[in-house]
Amino acid sequence: MRLQTRIQLFTTAVLIVLLLAANTSIYFIFKNTSISSEQNRLSNTSSHILKEMNEKPEVPMETMLQAYLLSDGLIRIAEKGRTHTVQVYTDSAYRHIPSGYHDEQYEGIIEYKDSIFALVSIPAINEKGEIISLQLIENIDVLYENIQELKWVLVITSIVVIIILYATSGIVGRLILLPIQRLTTTMSTIEKKGSFEKIVVAGDSRDEMNELAMTFNRMMAKLEDSYIKQEQFVSDASHELKTPLTVINSYIKMLKRWGKERPEVLEEAIHSIETESRRMKYLTEQLLELANLEETVEYGKEVADLGAVVESTVKRLQPTFKHTIRFINYSDCSYVKIHEQSFVQLLVILLDNANKYSDDDITVELTEANGCASIAVKDRGAGIPADVQPFVFDRMFRVDKTRSRKTGGTGLGLSIAKKIAEQHDGKIILESAEGAGSNFIVTLPKLEV
Ligand code: ADP
(Lines give C-alpha, C1' and ligand atoms only; values in the text may rest on other atoms or scores of the structure.)
Protein backbone atom coordinates (compact mmCIF):
# COMPACT_ATOMS: atom_id res chain seq x y z
CA MET A 1 0.00 0.00 0.00
CA ARG A 2 1.35 3.48 -0.86
CA LEU A 3 2.56 5.68 2.00
CA GLN A 4 0.10 8.43 1.04
CA THR A 5 -2.87 6.03 1.25
CA ARG A 6 -1.57 4.72 4.57
CA ILE A 7 -1.33 8.26 6.04
CA GLN A 8 -4.83 9.05 4.72
CA LEU A 9 -6.40 5.86 6.09
CA PHE A 10 -4.62 6.09 9.43
CA THR A 11 -5.61 9.72 10.13
CA THR A 12 -9.20 9.03 9.04
CA ALA A 13 -9.42 5.88 11.22
CA VAL A 14 -8.08 7.79 14.25
CA LEU A 15 -10.61 10.57 13.67
CA ILE A 16 -13.50 8.11 13.30
CA VAL A 17 -12.61 6.51 16.64
CA LEU A 18 -12.28 9.95 18.33
CA LEU A 19 -15.55 11.23 16.85
CA LEU A 20 -17.39 8.05 17.82
CA ALA A 21 -16.12 8.29 21.40
CA ALA A 22 -16.84 12.05 21.70
CA ASN A 23 -20.29 11.96 20.07
CA THR A 24 -21.48 8.86 21.93
CA SER A 25 -20.46 10.51 25.21
CA ILE A 26 -22.24 13.77 24.23
CA TYR A 27 -25.38 11.82 23.26
CA PHE A 28 -25.60 9.77 26.45
CA ILE A 29 -24.67 12.65 28.77
CA PHE A 30 -27.35 14.88 27.18
CA LYS A 31 -29.96 12.10 27.31
CA ASN A 32 -29.28 11.20 30.96
CA THR A 33 -29.15 14.79 32.24
CA SER A 34 -32.35 15.73 30.37
CA ILE A 35 -34.28 12.75 31.74
CA SER A 36 -32.94 13.10 35.26
CA SER A 37 -33.74 16.85 35.35
CA GLU A 38 -37.30 15.95 34.28
CA GLN A 39 -37.49 13.35 37.04
CA ASN A 40 -36.10 15.84 39.57
CA ARG A 41 -38.83 18.27 38.63
CA LEU A 42 -41.45 15.55 39.17
CA SER A 43 -39.83 14.65 42.53
CA ASN A 44 -40.06 18.27 43.64
CA THR A 45 -43.71 18.46 42.67
CA SER A 46 -44.45 15.23 44.55
CA SER A 47 -42.73 16.61 47.67
CA HIS A 48 -45.01 19.66 47.47
CA ILE A 49 -48.07 17.48 47.10
CA LEU A 50 -47.11 15.35 50.12
CA LYS A 51 -46.46 18.43 52.21
CA GLU A 52 -49.85 19.86 51.34
CA MET A 53 -51.54 16.50 52.01
CA ASN A 54 -50.09 16.57 55.53
CA GLU A 55 -50.96 20.20 56.15
CA LYS A 56 -54.50 20.05 54.76
CA PRO A 57 -55.92 16.59 55.44
CA GLU A 58 -59.49 17.95 55.06
CA VAL A 59 -59.03 18.75 51.34
CA PRO A 60 -60.23 15.78 49.22
CA MET A 61 -57.36 13.92 47.62
CA GLU A 62 -58.60 14.34 44.05
CA THR A 63 -58.98 18.10 44.46
CA MET A 64 -55.50 18.32 45.85
CA LEU A 65 -54.01 16.32 42.98
CA GLN A 66 -55.96 18.34 40.43
CA ALA A 67 -54.20 21.46 41.68
CA TYR A 68 -50.86 19.96 40.74
CA LEU A 69 -51.88 18.36 37.48
CA LEU A 70 -49.03 18.15 35.05
CA SER A 71 -49.08 19.80 31.58
CA ASP A 72 -49.25 16.38 29.87
CA GLY A 73 -49.51 13.38 32.17
CA LEU A 74 -51.19 11.98 35.25
CA ILE A 75 -50.90 11.83 39.02
CA ARG A 76 -52.15 8.80 40.84
CA ILE A 77 -52.21 7.18 44.25
CA ALA A 78 -51.22 3.52 44.07
CA GLU A 79 -52.07 1.12 46.88
CA LYS A 80 -50.68 -2.34 47.31
CA GLY A 81 -52.95 -5.02 45.79
CA ARG A 82 -55.56 -2.53 44.57
CA THR A 83 -56.27 -0.73 41.34
CA HIS A 84 -55.62 2.95 41.46
CA THR A 85 -58.00 4.57 43.85
CA VAL A 86 -57.43 8.20 42.90
CA GLN A 87 -55.93 9.56 39.70
CA VAL A 88 -56.07 12.81 37.73
CA TYR A 89 -54.89 13.08 34.12
CA THR A 90 -54.74 15.39 31.12
CA ASP A 91 -55.72 12.67 28.67
CA SER A 92 -58.13 9.83 29.46
CA ALA A 93 -55.92 7.47 27.40
CA TYR A 94 -53.35 7.74 30.20
CA ARG A 95 -55.65 6.11 32.75
CA HIS A 96 -54.39 2.61 32.04
CA ILE A 97 -50.65 3.29 32.00
CA PRO A 98 -49.13 0.42 34.01
CA SER A 99 -46.97 1.98 36.72
CA GLY A 100 -47.00 -0.79 39.40
CA TYR A 101 -46.63 -0.27 43.10
CA HIS A 102 -43.29 0.70 44.68
CA ASP A 103 -42.52 0.51 48.40
CA GLU A 104 -39.63 2.88 48.10
CA GLN A 105 -38.89 5.99 46.12
CA TYR A 106 -38.57 5.00 42.47
CA GLU A 107 -37.70 6.85 39.27
CA GLY A 108 -38.05 5.25 35.86
CA ILE A 109 -39.16 5.38 32.25
CA ILE A 110 -42.35 3.77 30.90
CA GLU A 111 -43.20 3.09 27.26
CA TYR A 112 -46.91 3.11 26.58
CA LYS A 113 -48.66 3.12 23.22
CA ASP A 114 -45.79 4.68 21.19
CA SER A 115 -45.21 7.31 23.88
CA ILE A 116 -42.56 7.63 26.54
CA PHE A 117 -43.26 8.70 30.11
CA ALA A 118 -41.08 9.67 33.03
CA LEU A 119 -42.24 8.13 36.30
CA VAL A 120 -41.55 9.21 39.87
CA SER A 121 -43.08 7.20 42.69
CA ILE A 122 -42.83 8.34 46.31
CA PRO A 123 -44.09 6.34 49.32
CA ALA A 124 -46.46 8.14 51.75
CA ILE A 125 -48.96 7.30 54.55
CA ASN A 126 -52.66 7.99 54.04
CA GLU A 127 -55.19 9.14 56.61
CA LYS A 128 -55.89 5.49 57.53
CA GLY A 129 -52.23 4.94 58.34
CA GLU A 130 -51.63 2.70 55.27
CA ILE A 131 -48.58 2.95 53.01
CA ILE A 132 -49.46 4.30 49.62
CA SER A 133 -47.32 5.49 46.72
CA LEU A 134 -47.81 8.87 45.10
CA GLN A 135 -46.95 8.56 41.41
CA LEU A 136 -46.34 11.35 38.93
CA ILE A 137 -46.18 10.25 35.29
CA GLU A 138 -45.35 12.77 32.58
CA ASN A 139 -45.23 12.41 28.81
CA ILE A 140 -41.68 13.16 27.64
CA ASP A 141 -42.13 12.57 23.89
CA VAL A 142 -40.92 16.13 23.12
CA LEU A 143 -37.76 15.55 25.12
CA TYR A 144 -37.14 12.25 23.29
CA GLU A 145 -37.67 13.99 19.96
CA ASN A 146 -34.97 16.53 20.94
CA ILE A 147 -32.65 13.69 21.90
CA GLN A 148 -33.28 11.99 18.55
CA GLU A 149 -32.60 15.28 16.75
CA LEU A 150 -29.34 15.66 18.60
CA LYS A 151 -28.44 12.09 17.57
CA TRP A 152 -28.93 12.91 13.87
CA VAL A 153 -27.08 16.23 14.15
CA LEU A 154 -24.12 14.36 15.65
CA VAL A 155 -24.24 11.59 13.01
CA ILE A 156 -24.44 14.05 10.08
CA THR A 157 -21.71 16.39 11.38
CA SER A 158 -19.46 13.36 12.03
CA ILE A 159 -19.94 12.11 8.45
CA VAL A 160 -19.23 15.61 7.02
CA VAL A 161 -16.11 16.02 9.20
CA ILE A 162 -14.84 12.55 8.20
CA ILE A 163 -15.32 13.29 4.48
CA ILE A 164 -13.54 16.68 4.79
CA LEU A 165 -10.69 15.13 6.80
CA TYR A 166 -10.29 12.22 4.36
CA ALA A 167 -9.92 14.71 1.51
CA THR A 168 -7.57 17.09 3.36
CA SER A 169 -5.40 14.25 4.73
CA GLY A 170 -4.98 13.13 1.12
CA ILE A 171 -3.81 16.64 0.14
CA VAL A 172 -1.54 16.92 3.21
CA GLY A 173 -0.11 13.45 2.51
CA ARG A 174 0.62 14.44 -1.10
CA LEU A 175 2.32 17.69 0.06
CA ILE A 176 4.48 15.82 2.58
CA LEU A 177 5.43 13.14 0.10
CA LEU A 178 6.14 15.50 -2.80
CA PRO A 179 9.86 15.91 -1.90
CA ILE A 180 10.15 12.13 -1.43
CA GLN A 181 8.63 11.62 -4.87
CA ARG A 182 11.14 14.12 -6.28
CA LEU A 183 13.90 12.18 -4.56
CA THR A 184 12.63 8.90 -6.02
CA THR A 185 12.42 10.43 -9.53
CA THR A 186 15.97 11.78 -9.25
CA MET A 187 17.20 8.42 -7.96
CA SER A 188 15.61 6.50 -10.82
CA THR A 189 17.12 9.00 -13.33
CA ILE A 190 20.51 8.34 -11.72
CA GLU A 191 19.86 4.60 -11.91
CA LYS A 192 18.89 4.80 -15.60
CA LYS A 193 21.50 7.30 -16.81
CA GLY A 194 24.27 6.48 -14.35
CA SER A 195 24.62 10.24 -13.77
CA PHE A 196 25.06 12.20 -10.51
CA GLU A 197 21.90 14.35 -10.50
CA LYS A 198 21.10 16.63 -7.56
CA ILE A 199 17.72 17.40 -6.03
CA VAL A 200 16.40 20.97 -6.14
CA VAL A 201 16.09 22.15 -2.52
CA ALA A 202 12.94 24.27 -2.11
CA GLY A 203 13.64 27.51 -0.19
CA ASP A 204 16.07 27.64 2.70
CA SER A 205 13.87 26.10 5.37
CA ARG A 206 15.68 23.53 7.52
CA ASP A 207 12.76 21.09 7.65
CA GLU A 208 13.26 17.29 7.56
CA MET A 209 12.57 17.06 3.83
CA ASN A 210 15.10 19.75 2.93
CA GLU A 211 17.60 18.08 5.30
CA LEU A 212 17.01 14.80 3.48
CA ALA A 213 17.48 16.45 0.08
CA MET A 214 20.64 18.25 1.23
CA THR A 215 22.11 15.03 2.70
CA PHE A 216 21.32 13.26 -0.57
CA ASN A 217 23.02 16.06 -2.56
CA ARG A 218 26.09 15.93 -0.31
CA MET A 219 26.26 12.14 -0.73
CA MET A 220 25.93 12.52 -4.51
CA ALA A 221 28.70 15.15 -4.58
CA LYS A 222 30.99 12.78 -2.62
CA LEU A 223 30.14 9.86 -4.89
CA GLU A 224 30.74 11.99 -7.97
CA ASP A 225 34.03 13.19 -6.57
CA SER A 226 35.19 9.67 -5.74
CA TYR A 227 33.97 8.45 -9.16
CA ILE A 228 35.97 11.19 -10.93
CA LYS A 229 39.03 10.34 -8.82
CA GLN A 230 38.59 6.65 -9.56
CA GLU A 231 38.36 7.35 -13.31
CA GLN A 232 41.37 9.64 -13.12
CA PHE A 233 43.28 6.96 -11.23
CA VAL A 234 42.48 4.26 -13.79
CA SER A 235 43.48 6.55 -16.65
CA ASP A 236 46.68 7.65 -14.85
CA ALA A 237 47.59 4.08 -13.96
CA SER A 238 47.06 2.90 -17.57
CA HIS A 239 49.08 5.84 -18.80
CA GLU A 240 51.88 5.05 -16.33
CA LEU A 241 51.92 1.43 -17.48
CA LYS A 242 51.68 2.39 -21.17
CA THR A 243 54.81 4.57 -21.11
CA PRO A 244 57.31 1.82 -20.13
CA LEU A 245 55.53 -0.63 -22.45
CA THR A 246 55.94 1.81 -25.38
CA VAL A 247 59.63 2.23 -24.53
CA ILE A 248 60.13 -1.57 -24.29
CA ASN A 249 58.26 -2.05 -27.57
CA SER A 250 60.40 0.53 -29.41
CA TYR A 251 63.62 -1.10 -28.19
CA ILE A 252 62.42 -4.55 -29.27
CA LYS A 253 61.73 -3.15 -32.77
CA MET A 254 65.20 -1.58 -32.78
CA LEU A 255 66.76 -4.87 -31.69
CA LYS A 256 64.99 -6.72 -34.49
CA ARG A 257 66.39 -4.36 -37.10
CA TRP A 258 69.95 -3.66 -35.94
CA GLY A 259 70.47 -5.72 -32.81
CA LYS A 260 72.48 -8.48 -34.48
CA GLU A 261 74.88 -6.20 -36.35
CA ARG A 262 75.37 -3.33 -33.85
CA PRO A 263 76.42 -4.47 -30.34
CA GLU A 264 76.15 -0.89 -28.88
CA VAL A 265 72.43 -0.86 -29.78
CA LEU A 266 72.01 -4.27 -28.17
CA GLU A 267 73.66 -3.02 -24.95
CA GLU A 268 71.50 0.18 -24.76
CA ALA A 269 68.30 -1.72 -25.55
CA ILE A 270 68.88 -4.37 -22.88
CA HIS A 271 69.66 -1.68 -20.29
CA SER A 272 66.54 0.37 -21.12
CA ILE A 273 64.27 -2.68 -21.26
CA GLU A 274 65.56 -3.74 -17.85
CA THR A 275 65.02 -0.23 -16.35
CA GLU A 276 61.50 0.09 -17.77
CA SER A 277 60.43 -3.41 -16.76
CA ARG A 278 61.77 -2.80 -13.22
CA ARG A 279 59.74 0.39 -13.13
CA MET A 280 56.62 -1.42 -14.27
CA LYS A 281 57.15 -4.10 -11.64
CA TYR A 282 57.52 -1.42 -8.94
CA LEU A 283 54.40 0.39 -10.12
CA THR A 284 52.27 -2.75 -10.19
CA GLU A 285 53.59 -3.74 -6.75
CA GLN A 286 52.57 -0.34 -5.35
CA LEU A 287 49.14 -0.57 -6.97
CA LEU A 288 48.62 -4.00 -5.43
CA GLU A 289 49.86 -2.69 -2.11
CA LEU A 290 47.30 0.11 -2.17
CA ALA A 291 44.53 -2.40 -2.87
CA ASN A 292 45.57 -4.90 -0.18
CA LEU A 293 46.56 -2.46 2.55
CA GLU A 294 43.24 -2.61 4.35
CA GLU A 295 43.36 -6.32 5.23
CA THR A 296 47.10 -6.37 6.05
CA VAL A 297 46.93 -3.55 8.61
CA GLU A 298 43.63 -4.50 10.20
CA TYR A 299 44.74 -7.94 11.44
CA GLY A 300 48.37 -7.38 12.42
CA LYS A 301 48.52 -4.53 14.94
CA GLU A 302 50.74 -4.85 18.01
CA VAL A 303 51.91 -2.55 20.80
CA ALA A 304 55.24 -0.94 19.91
CA ASP A 305 57.52 1.83 21.16
CA LEU A 306 57.29 4.46 18.44
CA GLY A 307 60.66 6.01 19.33
CA ALA A 308 62.41 2.67 18.86
CA VAL A 309 60.63 2.00 15.54
CA VAL A 310 61.57 5.43 14.11
CA GLU A 311 65.15 5.15 15.35
CA SER A 312 65.76 1.72 13.82
CA THR A 313 64.20 2.83 10.48
CA VAL A 314 66.40 5.94 10.38
CA LYS A 315 69.50 3.82 11.13
CA ARG A 316 68.64 1.30 8.45
CA LEU A 317 68.02 3.96 5.76
CA GLN A 318 70.93 6.29 6.55
CA PRO A 319 73.65 4.34 4.65
CA THR A 320 71.60 4.46 1.40
CA PHE A 321 70.69 8.20 1.70
CA LYS A 322 72.63 11.07 0.20
CA HIS A 323 71.58 13.40 3.06
CA THR A 324 72.03 13.07 6.83
CA ILE A 325 68.93 12.19 8.86
CA ARG A 326 68.78 13.71 12.35
CA PHE A 327 66.38 12.02 14.75
CA ILE A 328 65.29 14.01 17.84
CA ASN A 329 63.10 12.19 20.34
CA TYR A 330 61.21 14.66 22.62
CA SER A 331 58.99 11.92 24.03
CA ASP A 332 59.76 9.84 27.16
CA CYS A 333 57.83 6.85 26.04
CA SER A 334 55.22 6.72 23.35
CA TYR A 335 53.61 3.35 23.01
CA VAL A 336 51.25 2.96 20.10
CA LYS A 337 49.37 0.08 18.51
CA ILE A 338 50.70 -0.34 15.00
CA HIS A 339 51.20 -2.79 12.20
CA GLU A 340 54.96 -2.36 12.32
CA GLN A 341 55.80 -3.38 8.77
CA SER A 342 53.21 -0.97 7.28
CA PHE A 343 54.16 1.81 9.62
CA VAL A 344 57.83 1.48 8.70
CA GLN A 345 56.73 1.68 5.08
CA LEU A 346 54.99 5.00 5.84
CA LEU A 347 58.23 6.34 7.36
CA VAL A 348 60.26 5.11 4.39
CA ILE A 349 57.91 6.89 1.96
CA LEU A 350 58.25 10.23 3.81
CA LEU A 351 62.02 9.90 4.31
CA ASP A 352 62.56 8.78 0.72
CA ASN A 353 60.61 11.81 -0.58
CA ALA A 354 62.61 14.16 1.68
CA ASN A 355 65.79 12.58 0.30
CA LYS A 356 64.60 12.80 -3.33
CA TYR A 357 63.12 16.30 -3.33
CA SER A 358 65.65 18.20 -1.19
CA ASP A 359 69.37 18.90 -1.19
CA ASP A 360 69.94 19.30 2.54
CA ASP A 361 69.78 17.37 5.81
CA ILE A 362 66.54 15.78 6.97
CA THR A 363 65.15 16.13 10.51
CA VAL A 364 62.79 13.64 12.16
CA GLU A 365 61.13 14.77 15.42
CA LEU A 366 59.02 12.66 17.77
CA THR A 367 56.77 14.64 20.14
CA GLU A 368 53.64 13.95 22.19
CA ALA A 369 50.64 16.08 23.15
CA ASN A 370 46.97 15.57 24.08
CA GLY A 371 47.24 11.78 24.17
CA CYS A 372 48.78 11.62 20.68
CA ALA A 373 52.26 10.98 19.37
CA SER A 374 53.49 12.96 16.35
CA ILE A 375 56.34 12.29 13.98
CA ALA A 376 57.46 15.24 11.82
CA VAL A 377 59.67 14.59 8.78
CA LYS A 378 61.22 17.93 7.76
CA ASP A 379 63.40 18.74 4.79
CA ARG A 380 64.82 21.97 3.46
CA GLY A 381 64.04 21.31 -0.19
CA ALA A 382 62.01 23.16 -2.82
CA GLY A 383 58.76 22.77 -0.88
CA ILE A 384 55.33 22.28 -2.41
CA PRO A 385 53.28 25.21 -3.82
CA ALA A 386 50.20 26.06 -1.73
CA ASP A 387 47.78 25.62 -4.66
CA VAL A 388 48.71 21.94 -5.16
CA GLN A 389 49.12 21.01 -1.50
CA PRO A 390 45.50 19.71 -1.19
CA PHE A 391 46.23 17.16 -3.96
CA VAL A 392 49.58 15.70 -2.90
CA PHE A 393 47.88 12.80 -1.09
CA ASP A 394 45.79 11.92 -4.17
CA ARG A 395 46.75 8.78 -6.06
CA MET A 396 49.17 9.37 -8.96
CA PHE A 397 49.47 13.08 -8.25
CA ARG A 398 52.92 14.52 -8.86
CA VAL A 399 53.90 18.17 -8.60
CA ASP A 400 56.66 17.91 -11.14
CA LYS A 401 56.01 14.90 -13.37
CA THR A 402 59.37 14.89 -15.16
CA ARG A 403 61.40 15.17 -11.97
CA SER A 404 59.32 12.57 -10.18
CA ARG A 405 59.65 10.16 -13.08
CA LYS A 406 63.40 10.69 -13.18
CA THR A 407 63.63 9.83 -9.48
CA GLY A 408 61.58 6.69 -10.07
CA GLY A 409 58.42 8.14 -8.46
CA THR A 410 54.97 6.75 -9.21
CA GLY A 411 52.82 9.37 -7.45
CA LEU A 412 51.43 6.61 -5.20
CA GLY A 413 53.76 7.02 -2.19
CA LEU A 414 51.88 9.72 -0.29
CA SER A 415 48.46 8.16 -0.94
CA ILE A 416 49.78 4.87 0.52
CA ALA A 417 51.22 6.84 3.48
CA LYS A 418 47.86 8.56 4.08
CA LYS A 419 45.98 5.27 3.96
CA ILE A 420 48.40 3.66 6.44
CA ALA A 421 48.02 6.63 8.85
CA GLU A 422 44.23 6.45 8.64
CA GLN A 423 44.26 2.72 9.28
CA HIS A 424 46.05 3.44 12.53
CA ASP A 425 43.28 5.90 13.50
CA GLY A 426 45.73 8.69 12.81
CA LYS A 427 46.23 11.39 10.21
CA ILE A 428 48.94 12.94 8.10
CA ILE A 429 49.22 16.65 7.32
CA LEU A 430 51.57 18.75 5.25
CA GLU A 431 53.09 22.09 6.17
CA SER A 432 55.10 23.53 3.33
CA ALA A 433 56.00 26.76 1.57
CA GLU A 434 57.61 27.02 -1.83
CA GLY A 435 61.38 27.31 -1.39
CA ALA A 436 61.23 26.72 2.37
CA GLY A 437 61.05 22.94 2.49
CA SER A 438 58.30 20.55 3.54
CA ASN A 439 57.16 19.17 6.87
CA PHE A 440 54.99 16.01 6.85
CA ILE A 441 53.45 15.37 10.29
CA VAL A 442 51.95 11.97 11.18
CA THR A 443 49.81 11.90 14.34
CA LEU A 444 48.72 8.67 16.09
CA PRO A 445 46.72 8.01 19.26
CA LYS A 446 49.05 7.02 22.11
CA LEU A 447 48.42 4.01 24.38
CA GLU A 448 48.20 4.57 28.14
CA VAL A 449 50.76 2.12 29.54
P1 ADP B 1 56.31 10.04 -5.93
O2 ADP B 1 56.42 8.57 -6.05
O3 ADP B 1 56.15 10.74 -7.24
O4 ADP B 1 57.33 10.64 -5.04
P5 ADP B 1 54.45 10.68 -3.81
O6 ADP B 1 53.03 10.37 -3.71
O7 ADP B 1 55.36 10.18 -2.78
O8 ADP B 1 54.88 10.25 -5.27
O9 ADP B 1 54.55 12.27 -3.87
C10 ADP B 1 53.71 12.99 -4.72
C11 ADP B 1 54.36 14.25 -5.19
O12 ADP B 1 54.49 15.16 -4.10
C13 ADP B 1 55.72 14.04 -5.70
O14 ADP B 1 55.72 13.74 -7.06
C15 ADP B 1 56.39 15.38 -5.44
O16 ADP B 1 56.17 16.25 -6.52
C17 ADP B 1 55.70 15.90 -4.22
N18 ADP B 1 56.46 15.70 -2.98
C19 ADP B 1 56.38 14.69 -2.11
N20 ADP B 1 57.21 14.83 -1.06
C21 ADP B 1 57.88 15.99 -1.28
C22 ADP B 1 58.87 16.71 -0.57
N23 ADP B 1 59.39 16.26 0.58
N24 ADP B 1 59.34 17.88 -1.11
C25 ADP B 1 58.83 18.35 -2.27
N26 ADP B 1 57.87 17.71 -2.99
C27 ADP B 1 57.39 16.55 -2.51
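In listed order, ligands and their atoms are each counted from 1. Position 1 is the first residue of the sequence, and the numbers go up from there.
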key: Any residue meeting side-chain contact (heavy atoms from CB on, under 4.5 Å) with D379, in chain and number order, not counting sequence neighbours   =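 If we apply the side-chain contact (heavy atoms from CB on, under 4.5 Å) test to D379, skipping adjacent residues, the hits are A354, S358, S438.
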request  = Kindly write out the residues that satisfy side-chain contact (heavy atoms from CB on, under 4.5 Å) with Q230, not counting sequence neighbours, or none if the list is empty.
outcome  = R395
Between ligand 1 and [X], is the shortest N or O to N or O distance under 3.5 Å?
X: T410; answer: yes
X: S415; answer: no
X: I349; answer: no
X: F397; answer: no

request  = Look at E365 together with R326 and state whether they make a salt bridge at an N to O cut-off of under 4.0 Å.
outcome  =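 No, this pair does not count.
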ask   = Do other residues, nucleotides or ligands put more than 12 heavy atoms under 6.0 Å from E264 CD?
value =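 Result for CD/E264: enclosed.
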request  = Could you tell me whether E261 atom CD has more than 12 heavy atoms of other residues or ligands within 6.0 Å of it?
outcome  =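 Yes, the 6.0 Å shell around CD holds more than 12 heavy atoms from other groups.
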request  = Kindly identify the option in A417, G413, G411, G381 whose heavy atom sits closest to atom 1 (P) of ligand 1.
outcome  =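 Residue with the shortest heavy-atom distance to the ligand atom: G411.
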message = Side chain, backbone, both or neither: which applies to V399 and ligand 1 if a contact is any heavy-atom pair less than 4.0 Å apart?
response =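 Both backbone and side chain of V399 come within 4.0 Å of ligand 1.
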